[in-house]
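Data block below; observations after.
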Amino acid sequence: MPELPEVENIAAGLRKEIIGQGIRELVIRNPAIVKGSYQRSWRKAAGQLAGGRITKVSRRAKRLIIYTDKELAILVQLGMTGKFLLYEPEEESQKHVRFSIKFYGDKYLWYLDVRRFGRVWFMEGLTEENMDEVMEQAGLGKLGPESDSIQTKEFQEILSCKRPVKSLLLDQAKIGGLGNIYADESLFMARIYPGTRANKLNSMQANVLRKSIRAVIRKAIAHGGTTFSDFRNVYGDKGGFRKLLKVYQRTGEPCRKCKTAIERIQIGGRSTHFCPKCQVKK
DNA sequence: ATTTCATCCTGGAGGC
DNA sequence: TGCCTCCAGGATGAAA
C-alpha cells in the first residue's frame with residue numbers, strides 16, 4: 001500500500017499529534033511482526049518504552065521512524081496494508097490491531113495491518129545521521145536516495161544496467177520510496193515505455209524521468225496520497241490523489257492525453273499500466 | 001553479480 | 001448463498 005507520499009502523510013499527522021506525548025503503555029498484540037534484535041525480547045522493548053516521551057517522527061523512503069527519549073526508536077515498514085490511526089478505544093473496535101500505544105492523557109495510537117506484511121523494529125542508537133548504516137546492521141534492506149531528490153549524475157549511474165526501467169524504479173536499494181502506483185505514473189509523465197531497458201535511455205530521457213518522479217511524488221504528497229481501499233491517514237481520511245491518476249488501475253480506460261485505451265502488462269511480477277501510444281517502445 | 005520468482009497474508013470483486 | 005479465481009500501495013530469500 002503505502003509509498004513515499006502515503007508514509008509522508010502519515011508522518012506529518014503523527015508529528016502534529018504525538019510529539020511530546022508520554023507513553024503510558026505499549027501493547028504488542030501480534031509479536032510476530034517484531035523483527036531485529038528485539039524479535040524475541042519484544043516485552044523488554046515495550047517495558048523500556050513505557051514512561052518515555054515521543055521526541056520526533058521522521059521518514060526514510062517508505063519507512064516511518066518514531067523517536068523517543070528512551071534510546072529506543074520505533075521503526076515501522078507498513079507493507080501493503082499497514083496503517084496508523086488515532087481514535088479513542090470507545091469509538092469503535094477495529095479489527096487487525098497489531099500494536100497500540102496508550103499515552104498519558106486521553107490519546108491512543110493504533111497500528112493496524114490486515115495482511116500482516118508490515119514489520120516493526122525497535123532500534124537502539126538510531127539518529128538522522130547514522131540511520132542508513134544502523135538500519136542495514138539491523139538487517140533491513142539497503143536504501144537508495146529519496147526518490148524526490150535524486151541528483152542528475154546519481155540517477156544516470158542508477159540507470160546503468162539492463163533491467164526494465166520499471167523494475168529499477170521499484171528497487172528500494174536503488175531508489176527509495178517509489179512503489180507500483182508512482183512508478184507507473186512517473187513513467188507515463190516521462191512518456192517512457194515501462195519495459196525499456198534502463199541503459200537504453202538517453203541522457204535527456206533520464207533527466208525527464210528524474211524530474212517526472214519528483215513532480216509526481218510532490219504532487220501526490222500535496223494531495224494526501226492515493227487511496228484504493230486500505231490507505232488512510234492517521235485521522236482515517238482517504239488520500240485525494242486517486243482521481244488524478246493517469247494510468248495506474250485505469251486498464252481499458254481512455255488515456256487522458258490521447259484517448260487510447262490504457263493497457264496492463266506484467267513486469268518483474270508486478271502489474272504495470274501504460275498508454276501504448278504515449279509511451280512508445282523503442 | 002544480477003535478476004527473476006515464489007512466498008508471506010487477508011479480503012474484496014466478479015463469474016458461475 | 002456458496003464456491004471459485006484473480007487481484008491488491010511490498011519485501012525477501014532462494015534459485016537461475
Side-chain angles (χ1 to χ4, degrees), chain A residues 1-11 30 32-36 39 59-64 75-84 94-98 111-121 135-136 138-144 147 157-187 194-199 213 216-217 219-221 223-233 237-252 264-273:
Chain A
M1 154 187 103
E3 306 180 31
L4 192 158
E6 289 75 33
V7 181
E8 179 55 33
N9 203 47
I10 292 168
N30 184 191
I33 66 168
V34 179
K35 297 292 165 191
Q39 183 167 355
R59 177 192 61 71
R60 171 76 172 96
K62 304 177 194 174
R63 296 171 190 164
L64 188 76
L75 190 158
V76 181
Q77 201 161 260
L78 297 149
M80 288 282 233
T81 53
K83 58 186 156 187
F84 280 100
Q94 297 259 4
K95 281 184 175 177
H96 317 302
V97 173
R98 308 304 176 191
Y111 171 73
L112 297 80
D113 184 8
V114 174
R115 292 175 71 182
R116 282 186 275 145
F117 288 167
R119 296 286 178 260
V120 180
W121 288 258
M135 286 192 289
E136 264 194 80
L140 285 107
K142 181 175 153 41
L143 288 179
S147 46
E157 282 166 25
I158 290 167
L159 292 177
S160 63
C161 71
K162 58 178 185 180
R163 297 165 71 179
V165 60
K166 162 77 185 264
S167 300
L168 206 60
L169 297 188
L170 291 178
D171 186 343
Q172 300 302 298
K174 302 280 184 184
I175 301 169
L178 283 181
N180 217 20
I181 297 177
Y182 302 112
D184 284 2
E185 293 296 313
S186 299
L187 288 164
T196 310
R197 303 282 159 181
N199 58 8
I213 291 168
V216 166
I217 290 290
K219 197 170 179 188
I221 291 172
H223 287 266
T226 304
T227 296
F228 274 96
S229 54
D230 294 286
F231 173 68
R232 297 291 187 279
N233 65 20
D237 305 322
K238 296 180 179 185
F241 197 69
R242 182 176 183 172
K243 60 181 181 299
L244 299 176
L245 295 176
K246 304 277 202 288
V247 289
Y248 186 79
Q249 287 286 313
R250 294 193 66 246
T251 311
R264 185 177 80 179
I265 55 174
Q266 291 283 119
I267 292 181
R270 307 296 299 277
S271 279
T272 298
H273 313 75

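Below, all heavy atoms of this structure are taken into account, side chains as well, without hydrogens, waters or symmetry copies. The chains referred to below are lettered A, B, ... by the order of the sequence lines, with proteins before strands, and numbering in each begins at 1.
- One atom, NZ of A:Lys95, and another, P of B:dT10, lie 12 Å apart when rounded to the nearest Å.
- A:Leu140 places its CG atom 16 Å from the P atom of C:dG10, with the value rounded to the nearest Å.
- Across the protein-nucleic acid pair, A:Ile267 atom CD1 and B:dC5 atom P stand 12 Å apart, rounded to whole Å.
- The aromatic rings of A:Tyr111 and A:Phe84 sit tilted relative to each other, their planes meeting at an angle between 30° and 60°.
- Here the nucleotide nearest the side chain of A:Arg163, chosen from C:dA11, B:dT4, C:dG10, is B:dT4.
- The CG atom of A:Leu168 sits 10 Å away from the P atom of B:dT4 (whole-angstrom rounding).
- B:dT2 atom P lies 13 Å from atom CG of A:Asn199, rounded to whole Å.
- Among the heavy atoms of the strands lying under 4.0 Å from A:Gly141 are primed sugar atoms or P, OP1, OP2 only; no base atom is included.
- Rounding to the nearest 0.5 Å places NZ of A:Lys162 at 7.5 Å from CZ of A:Arg197.
- Taken from CG in A:Asp230 to NE2 in A:His96, the straight-line distance is 9.0 Å, to the nearest 0.5 Å.
- The nucleotide C:dG13 finds its pairing partner in B:dC5, both defining distances of the Watson-Crick or G-U wobble pair being shorter than 3.5 Å.
- Nearest nucleotide to the side chain of A:Pro164, out of B:dT10, C:dG10, B:dT4: B:dT4.
- Taking only distance into account, the side chain of A:Arg116 never meets the base of B:dC9 through a donor-acceptor pair shorter than 3.5 Å.
- In this entry the distance linking CD of A:Glu3 with C1' of C:dA8 reads 12 Å, nearest Å.
- A:Tyr182 comes within 4.0 angstrom of nothing in the nucleic acid, heavy atoms only.
- Taking every side-chain heavy atom of A:Val114 into account, B:dG11 is the closest of C:dA8, B:dG11, C:dG10.
- Contact check, A:Arg270 against B:dT4: no side-chain N or O comes under 4.0 Å of OP1 or OP2.
- An OP1 or OP2 oxygen of C:dG10 is reached within less than 4.0 angstrom by a side-chain nitrogen or oxygen of A:Lys62.
- The CD atom of A:Gln266 sits 16 Å away from the C1' atom of B:dT3 (whole-angstrom rounding).
- Within 4.0 Å (heavy atoms only), A:Arg264 reaches sugar-phosphate atoms of the nucleic acid but no base atom.
- For the P atom pair drawn from C:dC6 and B:dA6, the interatomic distance equals 14 Å after rounding to whole Å.
- Summarising the geometry, atom CG belonging to A:Leu4 is positioned 12.5 Å from atom CZ belonging to A:Arg63; distances are rounded to the nearest 0.5 Å.
- Remark: the A:Arg119 side chain and the C:dA11 base include no donor-acceptor N/O pair separated by less than 3.5 Å.
- The distance between atom NZ of A:Lys174 and atom P of B:dT4, rounded to the nearest whole Å, is 12 Å.
- Among the heavy atoms of the strands lying under 4.0 Å from A:Gly179 are primed sugar atoms or P, OP1, OP2 only; no base atom is included.
- Among the nucleotides C:dA8, C:dA11, B:dT10, the one closest to any side-chain atom of A:Gln172 is C:dA11.
- Residue-level contact check: A:Ser271 touches the backbone only, with heavy atoms under 4.0 Å from sugar-phosphate atoms and none from bases.
- Taking a centre distance below 5.5 Å and an interplanar angle below 30 degrees as the stacking criterion, A:Phe117 does not stack against the six-membered base ring of C:dA11.
- Under the side-chain contact (heavy atoms from CB on, under 4.5 Å) rule, A:Arg232 has a single partner from A:Asp237, A:Thr227, A:Leu112, which is A:Thr227.
- Contact check, A:His96 against B:dG11: a side-chain N or O comes under 4.0 Å of OP1 or OP2.
- Picking from B:dC9, B:dT4, C:dT12 the nucleotide with the shortest atom distance to the side chain of A:Gln77 gives C:dT12.
- A donor-acceptor distance shorter than 3.5 angstrom exists from the side chain of A:Glu3 to the backbone of A:Tyr182, with no hydrogens or angles considered.
- Within 6.0 Å of the NZ atom in A:Lys238, the count of heavy atoms belonging to other residues, nucleotides or ligands does not exceed 12.
- Residue A:Gln249 has its side chain nearest to C:dA8 when only C:dA11, B:dT3, C:dA8 are considered.
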